Amino acid sequence: YGKDLPCITYAWNLLFDLVYNNTQVEECWGMVRTPLQYRPWFRTSPSFCDQAFYNTTRMLDAWQSLVDCSTHITDLDPFNFDLVDVGREVLANRFVDVLYQFSVGYEASDIDDVQ
């Protein structure tokens, strides 16, 4: 991005290790789909290709590092694209977690989990 910032280096090292250097993706034809791409359904556990093939907590760390850098890089389109794209992935991962928790609660008639 034209600046040597530790937060950028940290974020891209995480992304390289988590996503761009991962071989499990081949089993899902090159991508993992999120439930946002499917018709509505209830499942109490994800199928293999519904699950992220990387540690989603570390992906959140990468996004947080990019957010931290955003105060130093304000109007650079490639950075803004990456910031939004990684953020979209983090939110999609979180949606999967919440959806399965909701589904388990619904199947168990547990109103607290559904709420």
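These numbers were taken from a predicted model, which means no experiment stands behind them. The analysis underlying the following values was restricted to heavy atoms, covering all of them including side chains, and did not include hydrogens, waters or symmetry mates.
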Kindly work out whether a path of hydrophobic side-chain contacts (I/L/V/M/F/W/Y, heavy atoms less than 4.5 Å apart) joins [X] to [Y].
X: Phe16; Y: Leu60; result: yes
X: Val84; Y: Leu91; result: no
X: Leu5; Y: Leu76; result: yes

Atom of Asp82, atom of Leu66 and distance for their closest heavy-atom approach: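 Scanning both residues completely, I find the closest heavy atoms to be O-CD1, 4.2 Å.
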Taking all non-hydrogen atoms of both residues, which atom of Val86 and which atom of Trp63 are closest, and how far apart?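 In this case the closest contact between Val86 and Trp63 is CG1-CB, 3.7 Å.
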Is any NZ, NE, NH1 or NH2 atom of the basic residue among Asp61 and Arg58 found under 4.0 Å from an Asp or Glu carboxylate oxygen of the other?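 Salt bridge flag = no for Arg58 with Asp61.
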Yes or no on side chain to side chain contact (heavy atoms under 4.5 Å, CB included) for Ile73 and Ile8, after CA distance, side-chain angles and deciding distance? CA-CA 10 Å; Ile73 304 173; Ile8 293 289; 4.0 Å; yes
Which value, rounded to the nearest 0.5 Å, describes the distance between Glu89 atom CD and Met59 atom CE?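 The distance works out to 4.5 Å.
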Just verifying a value: how many Å separate Gln64 CD and Tyr10 OH, rounded to the nearest 0.5 Å? 10.5 Å
Could you tell me whether the side chain of Ser65 and the main chain of Ala62 form a donor-acceptor pair under 3.5 Å? no
With a 4.5 Å limit on heavy-atom distance, are the side chains of Val90 and Thr56 in contact?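 Val90 does not reach Thr56 side chain to side chain.
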Could you tell me how the ring of Tyr1 sits relative to the ring of Phe79: parallel (under 30°), tilted (30 to 60°) or perpendicular (over 60°)?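 Plane angle over 60°, so perpendicular.
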